[in-house]
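Reminder, nothing fancy here: chain letters follow the sequence lines and each chain counts from 1. Because the structure is a prediction, the values reported are computed rather than measured.
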There are 2 protein chains.
Amino acid sequence: MNLLSYGLLGLLAREESSGYDLMLRIQPFWQAKHSQIYPLLARMESKELLASRWIQQSDKPDKKMYTITDKGIHMLQQWSQESLAAPVTRDELSLRLFCLWLTDKSSANRMLEERKRHFIQRIRHLEDILNDIPDEDLHFGSKNFGDYILVQKGLMNAKAGLEWCQMVLRMLLAGDVRADTNPFSLKP
Amino acid sequence: MNLLSYGLLGLLAREESSGYDLMLRIQPFWQAKHSQIYPLLARMESKELLASRWIQQSDKPDKKMYTITDKGIHMLQQWSQESLAAPVTRDELSLRLFCLWLTDKSSANRMLEERKRHFIQRIRHLEDILNDIPDEDLHFGSKNFGDYILVQKGLMNAKAGLEWCQMVLRMLLAGDVRADTNPFSLKP
DNA sequence: CGACGCATGTAATGCGTTACATGATTCT
DNA sequence: AGAATCATGTAACGCATTACATGCGTCG
């Protein structure tokens, strides 16, 4: 059982879903292709953490719907008690900054504008998701609460990334030194 | 040539280094073990992007120092012109939030405090790196400029993460609704 | 008529972690 | 005496992406 399996299990704890559906729902928070998800679901079914049934559809292809079992729920609750792994980020941009000094200014500008567009798109996307979360029952214990803070997490991150882009783009224009935009510090 | 290879190449474009040294320097921005780095360096040497020589040391084990070749520099400059891949983040915490509703409040609290400590540590670490970057010559084209904005990138991200933790911890205490701490929005 | 969305799967390949293997010196 | 740091490598395994494979319905 890897982390992605637990993620799928967590989504299935809320409602019966197809593999295709799970792929779409998990996408914004954990990149995974269908080719990885389908085998994991099959494996979890063989371990009796999940059960499945085929639903036939007239207009679209038939789909296999998965339901979590009691054993699956139990597995999830165990996982919640374990200690948390550190987040891992792999960003090509970080590596590119190592050799920024042998790049020309216009390439650097293009690169940062590209990343800026990426963040703006992500912010739009997450704000759309946020708007689909009902306002009522937004307290610890409601299913929406987890979704709400999860989207906020992505949103605050993307906004920080966007701010960083704008800071660097400003510095490229001004051609100068230490940014004054350093909101807070641990050492005041 | 994968992204990590380019990252190593980028570091070697600045100064001759050992594999061990590269591992330590790349660590804060791209997690990679020595067992991944050593074979990549050997492969790049066989492609003549790098050259190496052994340095004997009296107090410590001997080390193999790598230097970038002209071919390596050329490869790097080509890479800088290519379009940027989107960043990939894999955070167990995101997956845990999917099933937060079947967790008790004290576990949730423990989890968030754990993550909060993680961010505080990372901020300390990055601020230490920042203090080691000389203030002079901090303009586009200097080697320090890339380092400076790279560290700022990590720092702004970690600070956003810390803020998120504190927001959620406040919500858990108050037991309530939509956070008021939503600094900016794309739709004003 | 071609592209895209829905829907499920397998196979090959590449990336990353853990474990195995060695060995001197320094710090606690 | 035991752990940590420096230093390099290989082997086995697990995780992730790309490619292969199929097929219907809809929209432009």
Side-chain angles (χ1 to χ4, degrees), chain A residues 1-9 11-12 16-47 50-66 85-92 94-95, chain B residues 1-9 11-12 16-47 50-66 85-92 94-95:
Chain A
M1 288 283 291
N2 55 27
L3 293 177
L4 177 55
S5 300
Y6 282 114
L8 297 168
L9 211 52
L11 286 174
L12 285 165
E16 189 183 24
S17 320
S18 67
Y20 189 82
D21 208 25
L22 290 168
M23 174 195 63
L24 293 179
R25 292 216 36 201
I26 211 165
Q27 208 62 260
F29 309 105
W30 189 287
Q31 287 69 49
K33 318 281 165 174
H34 70 274
S35 53
Q36 194 182 6
I37 290 173
Y38 291 129
L40 289 179
L41 291 171
R43 214 202 294 171
M44 286 194 280
E45 191 179 14
S46 77
K47 284 183 191 164
L50 300 179
S52 71
R53 60 186 180 120
W54 281 93
I55 299 290
Q56 56 224 53
Q57 299 180 119
S58 48
D59 50 336
K60 301 174 199 175
D62 296 357
K63 60 181 176 179
K64 197 196 265 186
M65 296 291 276
Y66 285 96
V88 177
T89 304
R90 290 184 205 277
D91 186 354
E92 182 174 0
S94 297
L95 302 182
Chain B
M1 289 285 290
N2 56 26
L3 294 177
L4 177 55
S5 300
Y6 283 113
L8 297 169
L9 212 52
L11 286 175
L12 284 165
E16 189 183 25
S17 322
S18 68
Y20 189 82
D21 207 27
L22 290 168
M23 174 196 64
L24 293 178
R25 290 214 39 198
I26 211 165
Q27 209 62 263
F29 309 104
W30 190 287
Q31 287 69 47
K33 319 282 168 173
H34 71 274
S35 53
Q36 195 181 6
I37 290 173
Y38 291 129
L40 289 180
L41 290 171
R43 215 203 293 170
M44 285 195 281
E45 191 180 12
S46 76
K47 284 183 193 164
L50 300 179
S52 71
R53 60 183 180 125
W54 281 93
I55 300 290
Q56 56 224 53
Q57 298 181 115
S58 48
D59 50 335
K60 302 175 199 172
D62 296 355
K63 59 181 177 179
K64 196 196 264 186
M65 297 290 278
Y66 285 95
V88 177
T89 304
R90 289 183 205 278
D91 187 354
E92 181 174 1
S94 297
L95 301 182

Among residues 53-63 of chain A, which residues get a heavy atom nearer than 4.0 Å to DNA chain D? A/Asp59, A/Pro61
Residues passing the salt bridge (Lys or Arg N to Asp or Glu O under 4.0 Å) test with B/Arg25, sequence neighbours excluded, are B/Glu15
Using a cut-off of less than 4.0 Å, is there contact between a side-chain N or O of A/Tyr38 and OP1 or OP2 of C/dG9? no
Could you pull out all residues at least two apart from A/Tyr38 that satisfy ring pair (Phe, Tyr, Trp, His ring centres under 6.0 Å)? A/His34
Sub-4.5 Å side-chain heavy-atom contact between B/Gln27 and B/Leu24: no
Mind grabbing the angle between the end helix axes of the helix from C/dC1-D/dG28 to C/dT28-D/dA1? Five pairs an end, 10° rounding. 40°
Going 5' to 3' through nucleotides 14-21 of chain D and flagging B where a protein heavy-atom sits under 4.0 Å of the base, S where only the sugar-phosphate is that close, and - otherwise, we get -SSBBB--
Residues in side chain to side chain donor-acceptor pair (under 3.5 Å) with A/Ser94, at least two apart? B/Lys153
Within the pair B/Tyr20 and D/dT8, is there a side-chain N or O less than 4.0 Å away from OP1 or OP2? no
Side chain to side chain donor-acceptor pair (under 3.5 Å) filter on B/Glu45, not counting sequence neighbours, yields B/Ser52
Which residues satisfy the side chain to side chain donor-acceptor pair (under 3.5 Å) test with B/Ser18, sequence neighbours excluded? none
Round to the nearest Å and state the distance from B/Asp21 atom CG to D/dT8 atom C1'. 14 Å
Find the distance B/Ile37:CD1 to C/dC15:C1' and express it as a whole number of Å. 13 Å
Got a sec, which residues hit side-chain contact (heavy atoms from CB on, under 4.5 Å) with A/Asn2, two or more places apart in sequence or on another chain? A/Leu4, A/Ser5, A/Leu40
Quickly work out the A/Leu41 CG to C/dG9 P distance and round it to whole Å. 8 Å
Sequence-distant partners of B/Leu3, side-chain contact (heavy atoms from CB on, under 4.5 Å), two or more places apart: A/Glu92, A/Leu95, B/Trp30, B/Trp79
Could you measure the distance from the CG atom of B/Leu41 to the NZ atom of B/Lys64? Nearest 0.5 Å is fine. 8.5 Å
Which residues pass the salt bridge (Lys or Arg N to Asp or Glu O under 4.0 Å) test with A/Arg43, sequence neighbours left out? none
Test side-chain contact (heavy atoms from CB on, under 4.5 Å) applied to B/Lys33 - qualifying residues, sequence neighbours left out: B/Ser35
